[in-house]
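No experiment lies behind these values; they were computed from the predicted model shown. Protein chains get the first letters and strands the later ones, always in sequence-line order, with residue 1 at the start of each.
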Amino acid sequence: MRNRVWIPDEAGVRKTKTEYEAMVQRTLTTFLILLGLTVFGLPPINAETLPNGFKYRIQRRPESQLVAVDVWVRAGASSERRDEKGCAHFLEHTLFKGTTHRKSGETDFAIEQLGGIWQAATGPDYVHLYTTIVPAALDTALEILDDVLRNALLPTEEVEKERRVILDELGKYESELSNRLLAHLYREALPNHPYQDPPGGTTDTIQSLRRAQLAAFYKRNYTPERCTIVLVGNVIEANAANTIEKVFKSWKAESTQDEPVVPVPERVSALFVEAEAPLSDGAIAIGWSAPPAKNAKMAVCGRVVAEIIGSSVAGRLALPELAGTNANTQYTPRYQPSLLHISARLPATAPPSPEQVTQLEMAILRVVTSLTKQPVTTPELQLAKRQIAIRLRLDSETCLGLARLIGYAATVEGDNPEQFKKNLALLNTKDINEYVQQYLRPHQRVVVRYLPKTVPNVESKP
Amino acid sequence: MRIVHALLRFANQQTYATPLIVLCLLLTLAPCSAETESKALSNGIRILLTPTPSADFIGVAVFVKWHRPNDSKTACLQELAGRALFFGSLNRSFDSVSLSVKRVGGSLDIQVTPQFLVITCLTVPEQISETAYLIGEALRNAEYSEDALTRARTQITREAKERKANPYESLRYELTRLANQTPEWNPQEIERITPQQVKNYFLKQFTIENIVLSVTGHFEPTKAYRTFDNNLFEIRRGSPPTKREEPPMEPTKLPQTLPTVTVLSRNSIAYALLSMPAPSVTSTEYPDFLTLQALLGLGYQSRLLRHFREEQGLGYETGVTFFPHYGEHLIAQVQWDTNSHTKGKQPTPEQVCTQIQEEINRIITQPIPDSELNRAKQIALGRLALAHERVLDKAVLLGWYEVMSIANPLDKELPDRILHVTKEGVASVAKTYLGKATLGIVQPKPPSPQ
């Protein structure tokens, strides 16, 4: 920047006075932006949409040496049709296995020789592909992404090999009690809903999928208007925007429809489901319907309520009787209405009994009902808000962390980090009580109990 | 906006414009050029200060160096001296201070490794004094009451139980223990240790020359220095290190025959692991080793991922990990679900270990293509850059460098040294260090006959 202003131009001619003044103004403006950036936080996100519907978000971080590239596609598990369960996750694995321009492995090699590694993840509403690279590698990364998003070939041989890798992944995932428990809760609480099944698919669905189904899902969902690319790091916004436009503008728009909003079934009474726990564990999960991300105010309330109930140091679930149970409250706003859920398991220290599971459930329920009997106080609210705000700052510490927050918000149509902060600051105890009244009624809960069975102890022989 | 216009008008008066803009640019660039200051507190304790004005947080890492324990008693003393360090030496209780750190979203953790005790704290700038107080008070005069030890013992026992319930964690723990040749866990021994024994160990080990502090993030260096000095200057045990360059900590000498560690699991998930020694961070071979690590198992085009995932469709958690500051060797691993592969066609964990060894042998015996070497170097550099993104990661990394050698030149020079790595260098470190591996297996327990 300094060179561009102060070194005479290529012809060695000093700038005219008018140009000089303009430069002074530009430089000073840049300085003031950067000063403001240091003092007041980051500048607003540069958010644009190309004529074909492809969206981009750019957040400059001049102090970073890196840039995170994160493309979000609204092609998660909720976009799957009944016979396509597991497609979103399967595609996430096979996108990099060859395109019309590159053989399998070439996309990975192209970015890895620039120091980055392509990673990807699938959720209920999204698939996102991401990496962190040096700014000089940005053009290559965008060009590869364009190729992968538009020209993936999904070769049969690669699909079959990757199927086995996915099964190894799901085997591990399903072997963990907490994952099985929550999958069970969503299945019971959200029948015939887009979030009914785990976003990664199951071993059964992955076994049964064929290449043709993957190709059909890819064609239908990988369209420019369903994509948002996020760049966070040491980039010049204008240059990055130009490159994005150059790379992605030729992608032809498709007229795809957004998924219709599917409400969570209204309950007249609580639903209880019992199952024998795998191995000798005892655990519980309780869920309540929760608002979609688009309902910004209630979505923020939900996050605060989850904080107040538990999971952290300030939560009401931090009780001696729940020590060692990993009691955990979660609510992640999604595109569709979903669940706020609390899960806990019996401590591994003693042989568990069904009665203990009931006691655990009662202890959790007492905490939730206490929100009505002892409404949230202002200091309690302030503490929860501060915790959430700090966590947001911590999540944004890396370029990729911030890119994730921005990309996720754009995909589920929720608040971006700045809007979220503003909405969080505006929240008061009345809003919280409104949320509790509307969403946390005890009779509308769904409970899944995993009751312990007796099995021999684990053996290990070093 | 008025201020902006006024400044612009002011800048447009050419007389003042030049010095003002130069000043502005210097100020703007200042945050990017923050460097690590290596200092000694007034008693000689080493402190590294890396101000990062753009950060929101402060990361503090404290390393207390000790020797690898060669008997069970010393191992127990280290565990208790570390775990109970914060339990009861403060005017305010550990819980209340810890709570105030957590309430602002921060964290305070202790890690006992065979070579060091590592204390890490993530906090916000407003709490730097509180953090320095907490650390200073503990390092100055930890009390180790019977209550404090009971609490630490409970914590250690609970963690051991949790670890035993997790076959993979159990295996890694055992491999790290073998890598460091540390004695086996002995629950009776830990009960026998008295508060006085722990206190004596503390007084002997927590000395000026063994302590290194690394502080990274949003702070003003002079003030931060003063804050830590005020809280730690009273430590008078030991003496300042006399020379800057210390002899490197050598890797442990492994026995001729290495065991295979097998852990049975209750589900269908299998793991095959190889644990292999690594050169010290102070060694000239260290950059070659980081490149070798990337070549072997970082990224989808690394040897292991190509061999197992791309060619055979085997293994999800596949690749290498290397956490030398936590006492781990280089670990190469493949994880798979034995239920998801056709019986008879899938390899046994032992066969997977053999295949990993064959890949390593190929690196040693066959020339490494230029493109592959370049990929590995770039991945190693990328990893290094990512390790500097978070303030706490950076504090730990720099603190570890400092306790092993001298952080400042090491951190600055490492990227350049990686760029100069040759294929011969990579093959040579592969031959020296990866030829001898401890094998670790997690194997699904066969169904018991009914």
Point to revise | More than 12 heavy atoms from other groups under 6.0 Å of CD on Gln65(A) | key: no
Review point. For Tyr271(B), is it the side chain, the backbone, both, or neither that has a heavy atom closer than 4.5 Å to a heavy atom of chain A?
Key: side chain
Point to revise | Tyr316(B): which of Leu170(A), Val165(A), Ile166(A) passes side-chain contact (heavy atoms from CB on, under 4.5 Å) | key: Val165(A)
Exercise for review: Considering only heavy atoms and a distance below 4.5 Å, find which of Gln443(B), Lys377(B), Arg383(B), Glu317(B) pairs most often with chain A.
Suggested key: Glu317(B)
Practice item. Mind running side chain to side chain contact (heavy atoms under 4.5 Å, CB included) on Ile390(A) and Asp56(B) for me, showing each step along the way? Key: CA-CA 9 Å; Ile390(A) 293 273; Asp56(B) 281 339; over 6 Å; no
Practice item. Answer yes or no: does atom CD of Glu157(A) have more than 12 heavy-atom neighbours from other residues, nucleotides or ligands under 6.0 Å? Key: no
Check your understanding: So, does Lys161(A) use its side chain to make a donor-acceptor pair with the main chain of Gln312(B) at under 3.5 Å?
Key -> no
**Study point:** Contact class of Thr398(A) relative to chain B, heavy atoms under 4.5 angstrom
**Key:** both
Check your understanding: Looking at Trp118(A) and Tyr300(B), what are the two nearest heavy atoms and their distance?
Key -> O-CE1, 3.1 Å
Exercise for review: Side chain from CB out, backbone as N, CA, C, O: work out which of these in Val442(B) comes under 4.5 Å of a heavy atom of chain A, or both, or neither.
Suggested key: neither
Exercise for review: Identify which of Gln378(B), Gln301(B), Arg306(B) forms the greatest number of heavy-atom pairs closer than 4.5 Å to chain A.
Suggested key: Gln301(B)
Point to revise | Heavy-atom side-chain proximity of Glu397(A) to Val391(B) below 4.5 angstrom | key: yes
**Study point:** Residue pair Leu167(A), Asp337(B): steps toward the side chain to side chain contact (heavy atoms under 4.5 Å, CB included) verdict
**Key:** CA-CA 7 Å; Leu167(A) 291 172; Asp337(B) 180 6; 5.9 Å; no
Exercise for review: Please look at Leu114(A) and chain B and tell me whether the side chain, the backbone, both or neither of the residue comes under 4.5 angstrom of a heavy atom of that chain.
Suggested key: backbone
Check your understanding: Nearest 0.5 Å, what's the OG-CZ distance between Ser175(A) and Arg266(B)?
Key -> 10.5 Å
Practice item. Could you name each residue pair satisfying side-chain hydrogen bond (donor to acceptor under 3.5 Å, both in side chains) that touches residues 105-117 of chain A, not counting sequence neighbours? Key: Glu112(A)-Arg375(B)
Practice item. With rounding to the nearest 0.5 Å, note down the distance linking CD in Glu174(A) to OG in Ser340(B). Key: 10.5 Å
Review point. Which bit of Ile269(B) comes within less than 4.5 Å of chain A, counting heavy atoms only: side chain, backbone, both or neither?
Key: side chain
Check your understanding: Do you know the tightest heavy-atom contact between Asp168(A) and Gly313(B)?
Key -> OD2-O, 4.2 Å
**Study point:** With sequence neighbours excluded, residues passing side chain to side chain donor-acceptor pair (under 3.5 Å) with Glu159(B)
**Key:** Arg83(B)
**Study point:** Salt-bridge criterion met for Glu162(A) and Arg309(B) (N-O under 4.0 Å)
**Key:** yes
Revision key, fill the gap. Looking only at Gly382(B), Ser371(B), Ala55(B), most heavy-atom pairs under 4.5 Å shared with chain A are made by Ser371(B)
